[in-house]
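The sequence lines fix the lettering, A, B, ..., with proteins before strands; numbering per chain opens at 1. On a predicted model such as this, the values are computed, not experimentally measured, just so you know.
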2 protein chains.
Amino acid sequence: MGDSKAPASQTDCIFCKVFGRTEWSGMSAADMAKLNEAKVCRQFDRGEAIFYEGDECRGVYCIKSGLVGIRKIDGEGNSVLLGRLGYPGTTLGYRPLLAGECHRGTAEALEDSQVCFIAAGLVRWLLERNPDLGLRFLHHAAKDLGNAEEDFFQNAAHPLRLRLAHLLLVLKDHYGENFDDGTVMVELPVTRQDLASMMGARPESISRVIKELDQDGLATFSGRQVHIQRIDDLLWELDPAGEA
Amino acid sequence: MGDSKAPASQTDCIFCKVFGRTEWSGMSAADMAKLNEAKVCRQFDRGEAIFYEGDECRGVYCIKSGLVGIRKIDGEGNSVLLGRLGYPGTTLGYRPLLAGECHRGTAEALEDSQVCFIAAGLVRWLLERNPDLGLRFLHHAAKDLGNAEEDFFQNAAHPLRLRLAHLLLVLKDHYGENFDDGTVMVELPVTRQDLASMMGARPESISRVIKELDQDGLATFSGRQVHIQRIDDLLWELDPAGEA
DNA sequence: CGCCAGGTTGATTTCGCTCAAGCAATGTGG
DNA sequence: CCACATTGCTTGAGCGAAATCAACCTGGCG
């Protein structure tokens, strides 16, 4: 009602590139209007925090662009990046909101990111008149839970080298640039330390494994640039049989 | 409409001992009636399977009594028991149902158990007209997800001895029998092999750690009977500081 | 009775952690 | 613009927890 300076491009959600991938699509026009009116978009610079561990949960955050990670501080005071990254189209913070808890981790922009905030009250209001919306979040949570259990399992069963190979291949799907010769270039969105914490390992160990992969000619690492030379071999290591 | 032999006591949910602990409480009388009518209760003997890995998810299973575990077969063909056990009051199978996936593991009765089956169609129908029901499942999923992530890091950070101590204390809450002298007797509901797989370890390692705890006088193991002699010391190991 | 799954124990190896040092890139204040 | 601290990354040496390999024990059970 008279906001003169918009913090960021307050585009209509309908025209948002990621809209179709979010849980928010499929609501009535009236509810969409309400959402558009109330949401607050804002740009976060790399390294900037979006919300903090222990904060009361005031609403949810829909990622329009960039990349957001969740950090926790472990018992020894180390910063740990959780495996679950927030890509464009992801809505963060719905879990504590619906569970009625505080934020369990600190959300940090891993790249410059545009994020829309939707207040808790509005979310609840929308949920009440859109049962499907709740179901979509439920669907999302169910998927995440499955993945988390899978990871737990993989972590215990596979050595670090395999886990790193796996993570590389996942990141490739989001950040990979395919070349004509079949090789792929990936820009890692995180530091090696974060890479380490994501897989429950130490940075030194990561370094060594990277060196190994390098020497074996599977991939070439240079800073955050990874040039995967032999994807097929990488895949073969993960699954010598070829189940899927 | 003419079933002559009921497979098990088809008690009204309202009178079920565990009803209050389930997600199903809090629905309208009409919906409850519908649930009561459609659910199918059945007794499973120890070792019997309730559903199989890879099966299409046909509905959810509410555990009335006993104990149910989820097994997976890992790459090397070993049977692995997932950490999340199904105690009375737990509803199993909601995750794959909501995520629209097949069952990711085989559910097996770890003790003689009474289990009620609720068909997928009915669950969806109930979810649509009971937003609260969805929220309760979401809440449940959120908790599980939090635990899974927590476990992931605990697993990487703590040595086996601590993890076993932790698991013992969890089992104590469900199966512990407190004595006057402050000691506790716990009947382990699983074999040592399963114990091992639950924490991502080998049976031999478990054996050794158990021997250690035994020699240190923290607990006495005899078959599946565990007599915890010094709970306070066990707790102290988990958290020398005393945060909580 | 012999069989077999579950469990224990011992010897050996290996993977990843700890501790410690050094290096490059970036930033900051004088 | 340079001296200096800081942060992220790499490398080496040594250690230790747990895996592996292998043998053997135990208690059901057909």
Side-chain angles (χ1 to χ4, degrees), chain A residues 45-47 69 71 74-81 108 110-111 153-167 187-216 219-226 237, chain B residues 45-47 69 71 74-81 108 110 152-167 187-216 219-226 237:
Chain A
D45 294 332
R46 169 188 280 207
R71 285 187 188 291
D74 74 1
E76 288 78 47
N78 310 309
S79 167
V80 172
L81 191 60
E108 174 190 321
L110 298 175
E111 299 170 355
F153 191 50
Q154 301 282 355
N155 201 37
H158 299 303
L160 189 52
R161 173 175 175 135
L162 259 61
R163 284 183 273 146
L164 179 59
H166 181 248
L167 182 53
E187 164 101 22
L188 299 180
V190 296
T191 67
R192 297 228 193 300
Q193 309 192 96
D194 283 337
L195 218 50
S197 72
M198 283 172 74
M199 351 203 250
R202 303 269 117 194
E204 301 97 312
S205 301
I206 299 291
S207 250
R208 290 184 231 279
V209 172
I210 283 180
K211 197 182 176 186
E212 241 183 76
L213 292 178
D214 223 314
Q215 286 169 346
D216 295 354
T220 314
F221 291 74
S222 164
R224 289 189 174 185
Q225 296 290 333
V226 187
E237 285 206 21
Chain B
D45 294 332
R46 167 189 280 207
R71 284 187 189 292
D74 74 3
E76 289 78 46
N78 309 309
S79 167
V80 173
L81 192 59
E108 173 190 322
L110 299 174
F152 180 87
F153 290 109
Q154 299 283 349
N155 204 33
H158 298 304
L160 188 53
R161 173 175 174 134
L162 258 58
R163 285 183 275 147
L164 178 60
H166 181 248
L167 181 53
E187 164 102 20
L188 298 179
V190 295
T191 67
R192 298 231 193 295
Q193 307 193 97
D194 284 336
L195 217 51
S197 70
M198 282 172 74
M199 350 202 251
R202 304 268 116 198
E204 300 98 310
S205 302
I206 298 291
S207 251
R208 290 185 232 278
V209 172
I210 283 180
K211 199 182 174 186
E212 237 184 80
L213 292 179
D214 224 315
Q215 285 169 346
D216 295 353
T220 315
F221 290 74
S222 163
R224 289 190 174 185
Q225 296 289 334
V226 187
E237 285 206 22

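Between Arg224(A) and Pro189(A) the shortest heavy-atom distance is NH1-O, 3.8 Å. Gly200(B) approaches Ala156(A) most closely through the heavy-atom pair CA-CB, 3.8 Å. Closest non-hydrogen pair, Asp214(A) versus Phe221(A), comes out as OD2-N, 3.3 Å.
The rotation axes computed at either terminus of the helix from dC1(C)-dG30(D) to dG30(C)-dC1(D) lie 30° apart, taking five pairs at each end and rounding to 10 degrees.
Side-chain proximity of Ser207(B) to the nucleotides dT8(C), dC17(C), dT11(D) is greatest for dT8(C). For Arg208(A), counting side-chain heavy atoms from C-beta on, the closest listed nucleotide (dA19(D), dG10(C), dG12(D)) is dG12(D). Of all nucleotides listed (dA19(D), dT11(D), dT9(C)), dA19(D) comes nearest to the side chain of Arg202(B). When distances run from any side-chain atom of Pro159(B) to the nucleotides dA18(D), dT18(C), dC9(D), the shortest one goes to dA18(D). Distance from the side chain of Leu160(B) is smallest for dA18(D) among the nucleotides dT8(C), dC17(C), dA18(D).
Using modelled atom types, no side-chain atom of Ser222(B) and backbone atom of Gln225(B) make a donor-acceptor pair closer than 3.5 Å. Arg192(A) places no side-chain N or O within donor-acceptor distance of the main-chain N or O of Glu204(A), the cut-off being under 3.5 Å. Distance alone, capped at 3.5 Å, is enough to place a donor-acceptor pair between the Arg163(B) side chain and the Met199(B) backbone.
Under 4.0 angstrom from either OP1 or OP2 of dC17(C) there lies at least one side-chain N or O belonging to Ser205(A). Of the side-chain N and O atoms in Arg192(A), one or more sit less than 4.0 angstrom from OP1 or OP2 of dT10(D).
Rounded to an integer number of Å, the gap from CZ of Phe221(A) to P of dA24(C) is 21 Å. Atom CG in Asp214(B) sits about 10 Å away from atom P in dT8(C), given to the nearest Å. Between the P atom of dG6(C) and the CG atom of Asp194(B) lies a distance of 9 Å, rounded to the nearest Å.
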